[in-house]
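What follows is one structure encoded as structure tokens, with my remarks underneath.
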Amino acid sequence: MASVKSIYGYLYDSYGTQGWWPLSGLGMPVNKDDKDWPNYLKANPKGNKDDFIKNWPRHLGIAPKSWKQRFEIIVGAILTQNTSWSNVEKAIYTLNKNKLIDAEKIKKVDQKKLGGLIMPAGYFNQKSRKLKECAEFFSKNKDFDREEVLKIWGVGPETADSILLYAFGKPYFVVDAYTKRILGRAGFKEKSYDDIQRLFMANVDDSVDMYKEYHALIVEHGKSVCLKSRPRCGSCPIAEVCKSRDSFK
DNA sequence: TACCAGGTCCTCG
DNA sequence: CGAGGACATGGT
């Protein structure tokens with residue numbers, strides 16, 4: 001039986017440092033030959049390089065250093081609920097072009113208009129409301145605990161912990177669908193969000209950087225190898241400690 | 001064509 | 001509590 005601590009080692013050796021949260025770098029100097037240029041062209045076939053450099057999200061690989069960057073993480077955490085990150089990037093791009101990566105502006109903008117701008121991220125009626133609820137809370141509160149964040153409409157445990165960990169550097173391990181799937185297949189008995197979170201927080205070095213990287217590694221592993229329907233057990237870095245390694249082929 | 005994607009809220013047993 | 005449905009777009 002694997003331990004959560006040993007799994008981290010396998011994943012890190014296989015995928016390396018992830019540098020999460022994938023902060024966009026909007027408004028920051030970037031390389032003209034950025035590897036995200038093709039993604040930008042795909043989403044904006046008639047777009048130009050100048051617009052790409054100024055506005056297209058890319059992965060900075062650093063912790064947030066400003067209130068704007070923290071708010072961008074809050075926005076991303078809401079928008080990525082049950083939604084692929086590539087769709088979220090399109091919405092963040094449009095929000096940025098409209099100067100809306102800003103709690104005060106989100107509070108003021110018409111909710112219908114906001115919904116239209118974030119349409120590619122899906123669930124736009126719900127998410128536009130969620131963004132406004134977050135803008136209200138985080139512009140009003142500069143010091144808060146997890147319980148208060150969980151009271152925001154639209155913020156459940158995963159979103160709350162993502163915000164606390166990645167935007168504010170507080171030590172909460174983030175549990176997502178990938179975490180539940182990977183642990184379940186590996187043979188762990190914990191099922192609920194709280195039980196899984198406790199499992200990690202009791203067995204892994206309790207540092208913010210460890211929590212950030214471990215969660216990011218799990219997402220990478222879930223996307224590239226431990227797929228929902230046909231996991232690639234043949235090239236799985238934790239196969240030797242996974243109870244389900246022989247259940248798929 | 002279906003299924004999947006870094007969930008959450010609401011309702012009902 | 002836990003299960004089941006609604007919410008919506010884009011990629012494969």
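Every chain is numbered from 1, with letters handed out A, B, ... down the list of sequences.
The stretch residues 113-123 of chain A touches DNA chain B through A:Tyr123, each having a heavy atom under 4.0 angstrom from the strand. Residues from residues 5-19 of chain A lying near DNA chain B, meaning a heavy-atom separation below 4.0 Å, are absent.
Taking NZ of A:Lys127 as the reference point, atom OG1 of A:Thr80 lies at 7.0 Å (rounded to 0.5 Å).
A:Gln126 comes within 4.0 angstrom of a base, heavy atoms only. As judged by a 4.0 angstrom heavy-atom cut-off over every strand, A:Arg181 is placed among residues touching the sugar-phosphate backbone only. Using a 4.0 Å heavy-atom cutoff across all strands shown, A:Lys127 reaches no nucleic acid atom at all. Using a 4.0 Å heavy-atom cutoff across all strands shown, A:Val155 reaches sugar-phosphate atoms only and no base atom.
The side chain of A:Trp153 has B:dC9 as its nearest neighbour among B:dC9, B:dT8, B:dA5. Checked against B:dA5, B:dG7, B:dC4, the side chain of A:Ser229 finds its nearest nucleotide in B:dC4.
The nearest heavy atom of DNA chain B to A:Leu150 and to A:Trp85 marks one nucleotide each, and the one closer to the 5' end goes with A:Trp85.
Side-chain contact annotation: A:Glu148 with A:Asn141, donor-acceptor N/O pair under 3.5 Å absent. For A:Asp161 and A:Tyr193, the side-chain atoms include at least one donor-acceptor pair closer than 3.5 Å.
Taking the centre and axis of the six-membered ring of A:Tyr123, the NZ or CZ atom of A:Arg129 falls outside the cone set by 45° and 6.0 Å.
Note that the first and last nucleotides of DNA chain C, 5' to 3', having any atom under 4.0 angstrom from a heavy atom of chain A are C:dC7 to C:dG11.
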